[in-house]
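This report concerns only the one structure given below.
Throughout, a chain's letter reflects where its sequence line sits, starting with A, and its residues are numbered from 1. Heavy atoms only: backbone and side chains are in, while hydrogens, waters and symmetry mates are out.
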2 protein chains.
Amino acid sequence: MARSRDEKRDPAASLALLWGEQGQPKRGPKPSLSVERIVDSALAIADEEGLDALSMQSVAARLGVTTMALYRYVPGKAELLDLMVDAAFGPAPDVTSVAGGWRPRLEVWARACWQEYRRRPWMVAATGMRRQLMGPRQLAWIDSALAALSETGLPYAQQHAAFLLLVGHVRGLAQQLADDDAEGREEWDRLTADVWARHGDRFPALTAAIAGGAFAPRPGDPLDFGLERILDGVAVLVERG
Amino acid sequence: MARSRDEKRDPAASLALLWGEQGQPKRGPKPSLSVERIVDSALAIADEEGLDALSMQSVAARLGVTTMALYRYVPGKAELLDLMVDAAFGPAPDVTSVAGGWRPRLEVWARACWQEYRRRPWMVAATGMRRQLMGPRQLAWIDSALAALSETGLPYAQQHAAFLLLVGHVRGLAQQLADDDAEGREEWDRLTADVWARHGDRFPALTAAIAGGAFAPRPGDPLDFGLERILDGVAVLVERG
DNA sequence: CGAGAACTGTGTACGCAATAAGCGATTACG
DNA sequence: CGTAATCGCTTATTGCGTACACAGTTCTCG
């Protein structure tokens, strides 16, 4: 029930690849490829042409080999995606060097995370479809955030919950804005306005909000509002503690 | 550039379908299907077997027609998904009847929204891949939340931002827990523990958190923590007013 | 040094998915 | 009644993921 998405995926194999735990072969011809080169090509394709353009064939073509050659290095597309997801993020920010306690550190972390999602918009779609696998990069980011949170003195359970809250905000925003810079934006706005003219009267609160400019593009980083609210909320909890 | 996901999608057609704006035919044989029946079948398949099992063929088979028959009613799979996403949510909660001002109302709203996501875990994946389209159900939910938020007296822009924050939390949590009740959970934990034993020393904060039980399953609704934090944060803003 | 085992990239082929095009049957309007 | 619109269906195309077997390459062991 509802778990079919993992049916063709081998998490153990992904993890082994992720942590470099496959002993390299002793005999046989020199490999002309490597897992790393394959992942790099896949990332390049996703960056340049979007996730839809990512296929075993497109990756192979970019590397100048046959499609099936990839299967000597990677069990299948699902596992390749696992590797991409972990590799997509840059190195985790070193938050311990930020002065001012947990709050500014978390802020720096959140902004860095946000930057990564903005840099690779396809990540939202890629991770939305599969359970997250614990790769080295992923863990480094988590570790970095938890390091900042540990200074709150909150119980560990609440630190974890706060972390999830923060990531949820970043990811949610990334999804919200995933296509906002794209050229389809205009058509979208036109269509929405059209729907609006036709049926707006059925939604009074929304009508008022639109009239009040709630949906107008605003200057500044869209991350800010939620970030401040969340940290305020955590601060309330810390002080109460 | 990263917009390929919409390349094969006709948002105008989706909207027309969503709002029932396609004049019904005058001549020709009686249709044996309807858009509604198709969407219902598609929802049933997604609910029972997951998003991966959703194909034009599976929908058609469930309805006892050929695959191509569906194309008389729906332009393509992308548009069918648009319809599913809007139809997946039940009617928006009537929040105006909740006593106590904006805070309890928003809380009720968020919990209702959370329930909907829990009921249809595939929604996270389905909406993660495509820009949200404004369907009637969708708009009703948004309207409901904005109605509650309008009582904060905050500027409309901030009401909107607070709304996004709340949805982000709900969605983020839904994704986080999407497979948690599934039978694959055990293998997952085993693999993660294994990775942990091998490389845990590289992540001190994470190690401490795990030792402190940060990742242990906890009683109570996982939504609560973030919900309270967010509302606390908004409350700070309101009082500061 | 020579044999075979381990490993490489490749060619071919299968099955599934989305969907374009065209066919005969059906039905309301003029 | 005829004709145009519309139905569901058959057939064919395209692209995908991947199983399988083959031929060449390199290391290890006898």
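- Proximity of A:Tyr73 to the phosphate of C:dT8: no side-chain N or O atom is located under 4.0 Å from OP1 or OP2.
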(Q) Quick one, A:Arg62 with A:Glu48, criterion salt bridge (charged side-chain N to carboxylate O under 4.0 Å, His left out). Give me CA distance, side-chain angles, the key distance, then yes/no. (A) CA-CA 12 Å; A:Arg62 175 175 267 257; A:Glu48 292 164 18; 2.7 Å; yes
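- Picking from C:dT19, C:dT8, C:dT26 the nucleotide with the shortest atom distance to the side chain of A:Pro29 gives C:dT8.
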Q: Output, in order, the C-alpha distance, side-chain angles, deciding distance and verdict of side chain to side chain donor-acceptor pair (under 3.5 Å) for A:Asp52 and A:Trp122.
A: CA-CA 9 Å; A:Asp52 289 353; A:Trp122 51 265; over 6 Å; no
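- Here the straight-line distance linking atom CZ of A:Phe89 with atom CZ of A:Arg137 works out to 10.5 Å at 0.5 Å rounding.
- B:Gln57 has a side-chain polar atom (N or O) that falls below the 4.0 Å cut-off from OP1 or OP2 of C:dA18.
- Among the protein residues, A:Ser32 comes within range of the sugar-phosphate backbone only, with heavy atoms under 4.0 Å from sugar or phosphate atoms but none that close to a base.
- Positionally, the nearest nucleotide of DNA chain D for B:Leu33 lies more toward the 5' end than for the other of A:Pro75 and B:Leu33.
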Produce the list of close N/O pairs, under 3.5 Å, pairing protein atoms with atoms of nucleotides 27-30 of chain D; give distances to one decimal.
residue	atom	partner	partner atom	Å
D:dC27	OP1	A:Lys30	NZ	3.1

Residues 15-24 of chain A side chain polar contacts: donor-acceptor under 3.5 Å, at least two apart:
residue	atom	partner	partner atom	Å
A:Trp19	NE1	A:Met134	O	3.0
A:Glu21	OE2	B:Arg198	NE	2.8
A:Gln22	NE2	A:Ala16	O	3.4

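- Nearest-nucleotide mapping onto DNA chain D: of B:Gln24 and B:Met68, the residue sitting toward the 5' end is B:Gln24.
- The aromatic ring centroids of B:Phe215 and A:Phe163 lie 6.0 Å or more from each other.
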Output a table of donor-acceptor pairs, distance under 3.5 Å, between side-chain atoms of residues 28-46 of chain A and any protein atom two or more places apart or on a different chain; print 'none' if there are none.
residue	atom	partner	partner atom	Å
A:Ser34	OG	A:Arg37	N	3.1
A:Arg37	NH2	A:Ser32	O	3.4
A:Ser41	OG	A:Arg37	O	3.2

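- Residue-level contact check: B:Met56 touches the backbone only, with heavy atoms under 4.0 Å from sugar-phosphate atoms and none from bases.
- Distance from the side chain of B:Lys77 is smallest for C:dT19 among the nucleotides C:dT26, C:dT19, D:dC9.
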